[in-house]
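Down below is the structure, laid out as structure tokens.
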Amino acid sequence: MSDKSKKLNTEAYKGVRDFFPADMAVEKSIFSIWRSVAEKYGYEEYGASVLEPAELYRAKSGEEMVNEQTYTFIDRGDREVTLRPEMTPTVARMVAAKKRELTFPLRWYSIPNLFRYEQPQRGRVREHWQLNVDIFGVNSINAEIELISIAYDIMRAYGLKDTDFEIRINNRKLMNYITRDVFGLDEATAQKVSKLIDKKDKMKPDDFTVALMDIIKPTIQDAAKFESVFDSFLTVLNSKNFEEFTSHLPQTKEEHVGLKEVRETIAGLEKLGITNVRFDQTLMRGFDYYTGVVFEVFDLNPANRRSVFGGGRYDDLLALFGNEKVSGVGFGAGDVIARDIMETYKTLPATSAPADIAICVVGEQNIAYSLDVAQGLRAKSTRVSVDLSGKKLGDQIGNADKRGILKVICIGDEEVKTGKLRVKDLKSGNEEDIDTGSL
RNA sequence: GUGGCUAUGGUGUAAUGGUUAGCACUCGGCUCUGUGAAAGCCGCAGUAUGGGUUCGAAUCCCAUUAGUCACCCCA
């Protein structure tokens, strides 16, 4: 008698995915796009364990992030362990460990699975795979240009046209300059403002204005001064393009380095034929470790209003490990959004059959012979699946067809005796003699 | 973590608190034991889980689990 309460649930753990063969085929095609583009640019693949000591993330992300957003537990040896929520600290650790024996610039990529303890919803899961591409040891914005053009090539490989997506860039140096130097906000206020700017696109303009006022007002006593600071700040933030934005900044003899970097990055990409790049002064990115250019790639289709890629320059990260500075620029691209995009644009490759030829066996006594024939074919790199079901021949052929296998060879007493085999093409129905001697 | 919405065979769906929970696809078997795709017949399989209200619950209520949306957070 069956006890319902004792049955195990077939569902995957909350927020993680099973990859059945059809899903895995999609996943593999995404990975293969990632790999081929990264390798075309001369990047080498590396890997690491999903387990990291919790302090690796504490150092940079703070208690709250580690406690509430990660899978963290105590192992049997009383060590605090975290399932990696991102790859950058790991790669920084690896690079720092071997810094003296590595040849810079270093071009590395990886496709790690990452974990975060969050409320799952569409496009947001607890375990996902992410392409991470990083270049270390290049101080010029040529690194940014290279990374962004990799991201661009991947978008094209997903099957999108230039007009389907947009690359948005900003520069941390610029925002720091504006909030601190130009408008004189203190560190804490600047921080709050940054967080707010990050959400600007999601808010109604009026709500944003009010929220911004609430943050800035308490820090400026003089009402008249506040009025003028606030208005010009708002004007800067609402600039429609790079030229307008620049014109609102105080003119000095030398162009600010942040502006220069953005200008040169856009120009550099343009020379490579990448023209769908847009300056966006509201682009912030959550990470504290970014120090220069930051960028994101967006699908313009309203179905996928999330960033497809995100990255930037982090020049100080390796200092955490006591090393002298090594500059880094990197980005991440998730598999979930990649899948959504390729579904939206219907660019997913057709699923391929699990084998090139199916061998249908009539009579159990002929299986040994069939296996031998299969080995001969496999030696020539043909993918062969031998039907071991013992079903009727018609069913075996039907099954091969259902799996998308295009050709079958039927083997029974007759074939074993004469050694003459015929290949049947399931599309045309034609049969063709093949020479077993050549197998 | 907070709030809203949702949950019926493997899949998609139907059923004013009142028959044996219906249909399609899929799957298995057969018509048809050495040649598939068609057609027909037969069959397997379900009210997410645990409670409650009621003479009676897929239907109403509560909790749990999961999905989804918004918030939080965004790596």
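Just so you know, these numbers use all the heavy atoms, side chains as well, and skip hydrogens, waters and symmetry mates. A note on names: the letters A, B, ... follow the listed sequences, proteins ahead of strands, and every chain is numbered from 1.
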From [atom1] of [X] over to [atom2] of [N], roughly how many Å is that when rounded to an integer?
| X | N | atom1 | atom2 | answer |
| --- | --- | --- | --- | --- |
| A:Lys199 | B:C73 | NZ | C1' | 9 Å |
| A:Arg403 | B:G36 | CZ | C1' | 13 Å |
| A:Asp425 | B:A37 | CG | P | 16 Å |
| A:Arg116 | B:C72 | CZ | C1' | 14 Å |
| A:Tyr117 | B:C72 | OH | P | 20 Å |
| A:Gln119 | B:C5 | CD | C1' | 14 Å |
| A:Asp340 | B:U68 | CG | P | 11 Å |
| A:Lys407 | B:A37 | NZ | C1' | 19 Å |

Across all strands, who's sitting opposite [N] as a Watson-Crick or G-U wobble pair, both distances under 3.5 Å?
| N | answer |
| --- | --- |
| B:A70 | B:U2 |
| B:U47 | none |
| B:A24 | B:U11 |
| B:U33 | none |
| B:A57 | none |

Practice item. Answer yes or no: does atom CZ of A:Arg122 have more than 12 heavy-atom neighbours from other residues, nucleotides or ligands under 6.0 Å? Key: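 Counting neighbours around CZ of A:Arg122, 12 or fewer heavy atoms of other residues, nucleotides or ligands fall under 6.0 Å, so no.
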Review point. More than 12 foreign heavy atoms under 6.0 Å from OH of A:Tyr13: is that the case here?
Key: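 More than 12 heavy atoms, drawn from other residues, nucleotides or ligands, come within 6.0 Å of this atom.
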Check your understanding: Is the charged tip of A:Arg126 near the ring of A:Tyr117: under 6.0 Å from the six-membered ring centre and within 45° of its axis?
Key ->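 Yes.
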Just checking [X]: base, sugar-phosphate only, or nothing, at a heavy-atom cut-off of under 4.0 Å?
| X | result |
| --- | --- |
| A:Arg422 | base |
| A:Asn399 | nothing |
| A:Lys424 | base |
| A:Arg124 | base |
| A:Gly15 | sugar-phosphate |
| A:Gly332 | nothing |
| A:Gln396 | nothing |
| A:Gly412 | base |
| A:Glu11 | sugar-phosphate |

Review point. Short question: side chain of A:Asn430, backbone of A:Asp425 - any donor-acceptor pair under 3.5 Å?
Key: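 No, because the side chain of A:Asn430 does not come within donor-acceptor range (under 3.5 Å) of the backbone of A:Asp425.
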Looking only at atom [atom1], what distance separates [N] and [M], rounded to whole Å?
| N | M | atom1 | result |
| --- | --- | --- | --- |
| B:C62 | B:G3 | P | 14 Å |
| B:A7 | B:A48 | C1' | 7 Å |
| B:C44 | B:U6 | C1' | 29 Å |
| B:G67 | B:C30 | C1' | 40 Å |
| B:A21 | B:G9 | P | 15 Å |
| B:U35 | B:G40 | P | 23 Å |
| B:C69 | B:A57 | P | 35 Å |
| B:U47 | B:A58 | P | 10 Å |

Point to revise | Phosphate OP1/OP2 of B:C27 contacted by A:Lys402 side-chain N/O (<4.0 Å) | key: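 Checking A:Lys402 against B:C27: at least one side-chain N or O falls below 4.0 Å of OP1 or OP2.
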**Study point:** Residue-phosphate contact under 4.0 Å: A:Gln69 side-chain N/O, B:C74 OP1/OP2
**Key:**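 Indeed not, no polar side-chain atom of A:Gln69 lies that close.
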**Study point:** No-hydrogen, no-angle side-chain donor-acceptor test under 3.5 Å, A:Asn366 and A:Asp413
**Key:**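 Side chains of A:Asn366 and A:Asp413: pair found under 3.5 Å.
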Practice item. Using only heavy-atom distances, determine whether the side chains of A:Tyr314 and A:Asp134 contain a donor-acceptor pair under 3.5 Å. Key: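 Yes - a donor-acceptor pair under 3.5 Å links their side chains.
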**Study point:** CZ on A:Phe233 to CD1 on A:Ile197, rounded to 0.5 Å
**Key:**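 If I round to the nearest 0.5 Å, the distance is 4.5 Å.
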**Study point:** Test of ring centre spacing under 6.0 Å for A:Phe279 and A:Phe242
**Key:**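 Centroid distance A:Phe279-A:Phe242: below 6.0 Å, so yes.
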Check your understanding: For RNA chain B, whose closest nucleotide is more 5', that of A:Gln121 or that of A:Lys392?
Key ->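 Final value for this comparison: A:Lys392.
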**Study point:** 5′-ward residue of the pair A:Pro120/A:Gly394 relative to RNA chain B
**Key:**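 The answer here is A:Gly394.
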